[in-house]
Amino acid sequence: MESEKSMSLKVAFLGLGVMGYPMAGWLARAGHDVTVYNRTTQKSQKWQAEYGGSIAASPAEAARDQEMVFCCVGDDPDLRQVVLGETGALAAMNSGTIFVDHTTASADVAREIAAAGKALGVSCLDAPVSGGQAGAENGKLTVMVGGNADAYAAAEPVIAAYSHNTQLIGASGSGQLCKMVNQIAIAGLVQGLAEALNFGRKAGLDIDKVVGVISKGAAQSWQMENRWETMAANEFEFGFAVEWMRKDLRICLQEARNNGAELPVAAVVDQFYADVEGMGGKRWDTSSLIARLNRNDPGKS
Ligand code: NAP
């Protein structure tokens, strides 16, 4: 009983988007005392009605006197604003506390935040996630972490509320670099899957039967298992937004310019996603690459 009670922490969660909303919910379910901040306050109110906890009017107000602060916003500039800006979280945090960022952002901004945290005695972990909306809602995310080992050891049991697979990769920035590896691996795969399913359709095959058999062989993937049905049905109004994937690929391509890695497929898939945005698909799931293949003949898709 006592040990259960001592596991209950005072925490804040900044950013209640598709991912942050359920992640903060899992922290509340795990018994932590959660204060939320969201730019659009209606989402905070909805969250509080569902989970209890407290609402703060700014990141600084949310972060004050917490033991750990979690964050999941959009891109580098959003992260800078929420963490380092005028009403940012970091300056309000006490020395000896931990900041965990789940945003997919650049390794540079992760290192910048870690350095700013160090000056204040706050340990900062860059901890981007994989597993999508369903992973967040089911509490089964994969979390890739960069930062100090002691801070990781303290944060990992708390992160476990919404993760089934968490790994410390190395120093600050390496969580983000690991997420880049993940996104580079996915980009070409989704395009390959889109081409394959579209080809099968044009060949007049029964896609249920095709996927039923090939998904047990070497073509198997998370994307095939979780996306083939919606791809075949042209349903894209859910999931991981194309605009976020373009942000991630931009970050990967920028990092590759620095480290000399060649990313020819990721670069071309990024351009395909630009086409999808042109089709009105900025917020469509990334599996919408299949719609692009029929962009000149939508009736046939
Ligand atoms: P989202 O639904 O668009 O939510 C973004 C959140 O960030 C919202 O709470 C938004 O507030 C907040 N925000 C954005 N800019 C802000 C700013 N300048 N100041 C304050 N708050 C700001 O995005 P998401 O799908 O949850 O994704 C969040 C992060 O996780 C992204 O980095 C994404 O790449 C990554 N990710 C997403 C998935 C996925 O499947 N969705 C999977 C893995 C990783 P408002 O509510 O006011 O707009």
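Reckoned from all heavy atoms, side chains included, excluding hydrogens, waters and symmetry mates. Both counts, for ligands and for their atoms, begin at 1 and track the order of listing.
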May I have the N/O to N/O pairs between ligand 1 and the protein that fall below 3.5 Å, each with atom names and distance to one decimal?
residue: ligand 1; atom: 2 (O); partner: Val18; partner atom: N; Å: 2.9
residue: ligand 1; atom: 3 (O); partner: Trp244; partner atom: NE1; Å: 3.4
residue: ligand 1; atom: 9 (O); partner: Leu16; partner atom: N; Å: 3.1
residue: ligand 1; atom: 9 (O); partner: Gly17; partner atom: N; Å: 3.2
residue: ligand 1; atom: 9 (O); partner: Asn38; partner atom: OD1; Å: 2.6
residue: ligand 1; atom: 15 (N); partner: Arg39; partner atom: NH1; Å: 3.4
residue: ligand 1; atom: 15 (N); partner: Asp78; partner atom: OD1; Å: 3.3
residue: ligand 1; atom: 18 (N); partner: Asp78; partner atom: OD1; Å: 3.2
residue: ligand 1; atom: 18 (N); partner: Gln81; partner atom: OE1; Å: 3.0
residue: ligand 1; atom: 23 (O); partner: Trp244; partner atom: NE1; Å: 3.0
residue: ligand 1; atom: 26 (O); partner: Val18; partner atom: N; Å: 3.1
residue: ligand 1; atom: 26 (O); partner: Met19; partner atom: N; Å: 2.9
residue: ligand 1; atom: 32 (O); partner: Val73; partner atom: O; Å: 3.2
residue: ligand 1; atom: 32 (O); partner: Gly74; partner atom: O; Å: 2.8
residue: ligand 1; atom: 32 (O); partner: Thr104; partner atom: N; Å: 3.1
residue: ligand 1; atom: 32 (O); partner: Lys247; partner atom: NZ; Å: 3.0
residue: ligand 1; atom: 34 (O); partner: Lys247; partner atom: NZ; Å: 2.8
residue: ligand 1; atom: 46 (O); partner: Asn38; partner atom: ND2; Å: 2.9
residue: ligand 1; atom: 46 (O); partner: Lys43; partner atom: NZ; Å: 2.6
residue: ligand 1; atom: 47 (O); partner: Arg39; partner atom: NE; Å: 3.1
residue: ligand 1; atom: 47 (O); partner: Thr40; partner atom: N; Å: 3.0
residue: ligand 1; atom: 47 (O); partner: Thr40; partner atom: OG1; Å: 2.4
residue: ligand 1; atom: 48 (O); partner: Arg39; partner atom: NH2; Å: 2.9

When you look at Trp244 and Thr104, which way does the side-chain contact (heavy atoms from CB on, under 4.5 Å) test go after all the steps?
-> CA-CA 9 Å; Trp244 287 147; Thr104 303; over 6 Å; no
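- Partner of Arg250 under the side chain to side chain donor-acceptor pair (under 3.5 Å) criterion, out of Asp75, Asp270, Asp76: Asp75 alone.
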For residues 141-150, dump all side-chain donor-acceptor pairs below 3.5 Å to protein atoms at least two apart in sequence or in another chain.
residue: Thr142; atom: OG1; partner: Asn165; partner atom: ND2; Å: 3.2
residue: Asn148; atom: OD1; partner: Asp150; partner atom: N; Å: 2.8
residue: Asn148; atom: OD1; partner: Ala151; partner atom: N; Å: 2.8

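- Listed by chain and residue number, His102 satisfy the ring pair (Phe, Tyr, Trp, His ring centres under 6.0 Å) test with Tyr162 (two or more places apart in sequence, or in another chain).
- The cationic atom of Lys46 (NZ for Lys, CZ for Arg) does not lie both less than 6.0 Å from the six-membered ring centre of Tyr51 and within 45° of the ring axis.
- Residue pairs meeting the salt bridge (charged side-chain N to carboxylate O under 4.0 Å, His left out) criterion with at least one member in residues 273-284, sequence neighbours excluded: Glu243-Arg283, Arg246-Glu277, Asp275-Arg292.
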